[in-house]
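In what follows, a single structure is set out as structure tokens and then discussed.
Convention: sequence-line order gives letters A, B, ...; per-chain numbering from 1. Bear in mind the structure is a predicted one, so any value in this text is a computation, not a measurement.
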Protein chains: 2
Amino acid sequence: MSNPRNPAPAGAEHAPLELEHFLPYRLSILSNTVSQAIADDYQRRYDLSVTEWRVMAVLARFHGLSAREVAERTLMDKVAVSRALARLVSAGRVHRDTHDGDKRRSVLSLTEAGWLIHDDVAPMARAREREVLEKLDQEERQWLTRILDKLQPVSQK
Amino acid sequence: MSNPRNPAPAGAEHAPLELEHFLPYRLSILSNTVSQAIADDYQRRYDLSVTEWRVMAVLARFHGLSAREVAERTLMDKVAVSRALARLVSAGRVHRDTHDGDKRRSVLSLTEAGWLIHDDVAPMARAREREVLEKLDQEERQWLTRILDKLQPVSQK
DNA sequence: ACGTTATAGTTACATGTGAAACTAATTGCA
DNA sequence: TGCAATTAGTTTCACATGTAACTATAACGT
């Protein structure tokens, strides 16, 4: 009916999608490639998942957050945060207190061990990001930022 | 020790990562948002996963591919393709033959039912992509394409 | 021809992830 | 007060996904 490994006949009434030019597909491939490259660095070395690293990153910036606030800042859902925190706390990387006036809330912070990991991983992550961005010239980098800003959903307040 | 929900003191020696400006993080969020928006359309309606849809999309374009060739074209691994095909075949959306000269290889094509779904989903996906791209002006769209081309890994030959 | 090696595809296992149900604490309001 | 409705966080379940092991067939080198 039609020949293997060749595109469908031009007159075809089906208008198939060309994945390699389809934005969502391209974004997905790119995102996975980039994230994986970075995660490989610390994943094995510290047995640290991407979600855990994100939690650590926000706790490095904002002290005393609750789990819900971490979820807001990372745009992860609360279940993911809860699980990441469980592992981080039991690994001694995050300290969990209970909020004074509200016993439901946790008050989170990096432990000494958490900081050590953070201070090793953060520069590594930045270096990897730099490697990716080096493929672009200055002008392209500026456009990329601008484009991401316009496409990005709300971003956390 | 430090006040909740405020950034760490400026003199802090830890140089925390600002996730919201970190390229891999932004890509991941954007990719998930965009893919999800599109997938929602057909996911429920046809009980069709993203991987399944990608397989269908390449089979719409290239007739008689083997599973391995589908994997190459979608950049998915062969296990994912195998599983997607199992579902698609059992749902009567893809027809699987055995290659004449090589009994290991499959020869895949969309069935009539598969084509019907494809012809409904493909325009829908394109429309959603258009909605996303409408947030950008013409110049930005051109830069985006150029940037993706430069950042993109190898792309399938 | 024949044993080794490579390839196509599937299965099994371990792990990750999201939705919904659940517990505990707090808030709102009659 | 006291009871219903919210909120913080965890647990459970179903399902997706990746790695490695496995089966069947084919290709290669002698």
Counting side-chain heavy atoms from C-beta on, which of [options] comes nearest to [X]?
X: B:Arg104; options: D:dG9, D:dA26, C:dT26; value: D:dA26
X: B:Val79; options: C:dT26, C:dT7, D:dA20; value: D:dA20
X: B:Arg83; options: D:dT12, C:dC13, D:dG9; value: C:dC13
X: A:Ala80; options: D:dG9, D:dG18, C:dG18; value: C:dG18

#### Entry: Residue met sooner reading DNA chain C from 5', once B:Ala86 and A:Gly101 are mapped to nucleotides
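It is B:Ala86, whose closest nucleotide lies nearer the 5' terminus.
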Considering just the side-chain nitrogens and oxygens of [X], establish if one lies under 4.0 Å of OP1 or OP2 belonging to [N].
X: A:Thr51; N: C:dG16; answer: no
X: A:Arg96; N: D:dT10; answer: yes
X: B:Ser82; N: C:dT10; answer: yes

Between [X] ([atom1]) and [N] ([atom2]), how many Å, whole number?
X: A:Met76; N: C:dG18; atom1: CE; atom2: C1'; result: 13 Å
X: B:Asp102; N: C:dA8; atom1: CG; atom2: C1'; result: 8 Å
X: B:Arg54; N: D:dA16; atom1: CZ; atom2: P; result: 15 Å
X: B:Leu65; N: C:dG9; atom1: CG; atom2: C1'; result: 15 Å
X: A:Arg68; N: D:dG9; atom1: CZ; atom2: C1'; result: 11 Å
X: B:His99; N: D:dA24; atom1: NE2; atom2: C1'; result: 16 Å
X: A:Arg87; N: D:dG9; atom1: CZ; atom2: P; result: 20 Å
X: B:Asp77; N: C:dA8; atom1: CG; atom2: C1'; result: 14 Å

### Query
Testing A:Glu131, A:Arg130, A:Glu129 for side chain to side chain contact (heavy atoms under 4.5 Å, CB included) with A:Leu133, which one passes?
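The residue from A:Glu131, A:Arg130, A:Glu129 that satisfies side chain to side chain contact (heavy atoms under 4.5 Å, CB included) with A:Leu133 turns out to be A:Glu129.
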### Query
For residues A:Ser28 and B:Arg54, is any side-chain donor paired with an opposing acceptor at under 3.5 Å?
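Side chains of A:Ser28 and B:Arg54: pair found under 3.5 Å.
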### Query
Hey, are A:Asp120 and A:Tyr46 close enough side-chain-wise for a donor-acceptor pair under 3.5 Å?
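A pair is found: one side chain offers a donor N or O, the other an acceptor, under 3.5 Å apart.
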Tell me what [X] touches on the nucleic acid: a base, only sugar-phosphate, or nothing, going by heavy atoms under 4.0 Å.
X: B:Ser49; answer: nothing
X: A:Lys78; answer: base
X: A:Ser106; answer: sugar-phosphate

### Pair A:Asp102 + A:Arg105, salt bridge at N-O below 4.0 Å
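The answer is yes: the pair qualifies as a salt bridge.
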### Message
Is there a side-chain contact between A:Tyr42 and A:Val50 in this structure, where contact means two heavy atoms from C-beta onward sitting under 4.5 Å apart?
### Response
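Yes, close enough: below the 4.5 Å cut-off.
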